[in-house]
Amino acid sequence: MPEVLEVELARRGVADLLSGAVVRRVLRTDDLVVGPGVDDLITGAEIESLDRRGKQLVIVTDRGRVGVHFGMTGRWLVDDVSTIGELAYGSGNDHPRWDRWVLEVEPADGRGPVRLRLHDPRRLGRVVLEPDIGRLGPDALRLTRRQLAAVLARRMAPVKAVLLDQEAIAGLGNMLADEVLWWSGVDPRRAARSLNDDEVAALHSAIKRRLPVMLRRGGSHTGVLSPDARRADMPCPRDGAPLMRATIGGRTTVWCSAHQR
DNA sequence: GCCCTTGTTACGCC
DNA sequence: AGGCGTAACAAGGG
């Protein structure tokens, strides 16, 4: 599902195409996904840039800002081409009936109009005017050790739940949270506040090292605890100990019974 | 045909 | 007041 890596790939995937482009018209819109006023603002607008904070994408236009959130199954298609690979838990095809917002866009390079499609089978994506990014925590791709330590120190909740809290850190979802906890050797059930300096440093190191690797590989499903690994009851790839499963922070959590303490 | 999946929000409780 | 846990939503896939 779209976590910070997928959103960054989506941003990069259309940034050049859309920079300086003009939106000619809205070809399709879904009132559940697309908020009031969005289509009026975007029609005729010139796109200046694409910004991102955590999982929140921001289309900056000459008439205002439009926030795009991909939810669980949303992604961009340009004409018939996906900007990222298949999503874990996605539908596996691109049927037009799952297009929730389709723009006819005129790129600045004169190639002629293209269709920008927000493709979202489960309709958990959202497009809004002037997204409130002020409440989001620091971006996961630019998180400093000091920021991480400060966030964890004031929370009694399980560290897994805090990593998922977008107001604490913006961008981590269920798979990335499990992945960085696995690499750092921290038990997801631990109270965030109980981590010592070494453990915070290990967690920060995992975030800084693994996210760029997975970004290059194509997304949050490319880690050790991939969706396949999560489903099958496989042993821990590091030490062969049994992998545990439980609901933590309201989400299915997978961790190693031996090396995560 | 039931149950699983996750990002976000609403809500109850303490 | 605010932190925390749980449920609800959406809907295709197994």
>> Please confirm whether the shortest side-chain N or O distance from A:Thr252 to OP1 or OP2 of B:dT5 is below 4.0 Å.
In response: yes
>> Between A:Arg126 and A:Val33, is there a side-chain heavy-atom distance shorter than 4.5 Å?
In response: yes
> Roughly how many Å is it from CZ in A:Arg193 to P in C:dG3, rounded to a whole number?
Replying inline: 12 Å
>> Checking side-chain polar atoms at under 3.5 Å, does A:Ser220 have a donor or acceptor matched by the opposite partner on A:Glu6?
In response: yes
>> I need the NZ-C1' distance between A:Lys55 and B:dG7, as an integer number of Å.
In response: 6 Å
> Taking all non-hydrogen atoms of both residues, which atom of A:Trp183 and which atom of A:Arg238 are closest, and how far apart?
Replying inline: O-NH2, 3.7 Å
>> Around atom CZ of A:Arg145, are there more than 12 heavy atoms from other residues, nucleotides or ligands closer than 6.0 Å?
In response: no
>> Output the rounded distance in Å from CG (A:Asp120) to P (C:dC9).
In response: 18 Å
> Tell me: CZ of A:Arg251 to C1' of B:dG7, nearest whole Å?
Replying inline: 7 Å
>> Please report the distance, rounded to the nearest Å, between CD in A:Glu3 and P in B:dG7.
In response: 5 Å
> Starting at the 5' end of DNA chain C and moving along, which residue's nearest nucleotide shows up first, A:Arg154 or A:Leu124?
Replying inline: A:Arg154
> Could you state the CD1-C1' distance from A:Ile248 to B:dG7, rounded to the nearest angstrom?
Replying inline: 18 Å
> So do A:Arg122 and A:Trp98 actually touch side chain to side chain, heavy atoms under 4.5 Å?
Replying inline: no
> Which of the following nucleotides, C:dG12, B:dG7, B:dT5, is nearest to the side chain of A:Arg245?
Replying inline: B:dT5
> Which one, C:dG5, B:dT5, B:dG7, comes nearest to the side chain of A:Asn174?
Replying inline: B:dG7
> Between atom CD in A:Glu167 and atom P in C:dC4, what is the gap in whole Å?
Replying inline: 12 Å
> When you measure from the side chain of A:Arg155, which nucleotide among B:dG7, B:dT5, C:dG3 comes out closest?
Replying inline: C:dG3
> Where the side chain of A:Pro158 is defined as all heavy atoms beyond and including C-beta, which of C:dG5, B:dG7, C:dG12 is the nearest nucleotide?
Replying inline: C:dG5
> Under 3.5 Å, is there an N or O donor on one side and an acceptor on the other linking the side chain of A:Arg122 and the base of B:dT5?
Replying inline: yes
> Atom CZ of A:Arg126 and atom P of B:dA10: how far apart are they, to the nearest Å?
Replying inline: 11 Å
> Any idea which of C:dA10, C:dG3, B:dT5 is nearest the A:Leu32 side chain?
Replying inline: C:dA10
>> So if I take every side-chain heavy atom of A:Ala157 and compare against C:dC4, B:dG7, C:dA10, which nucleotide ends up nearest?
In response: C:dC4
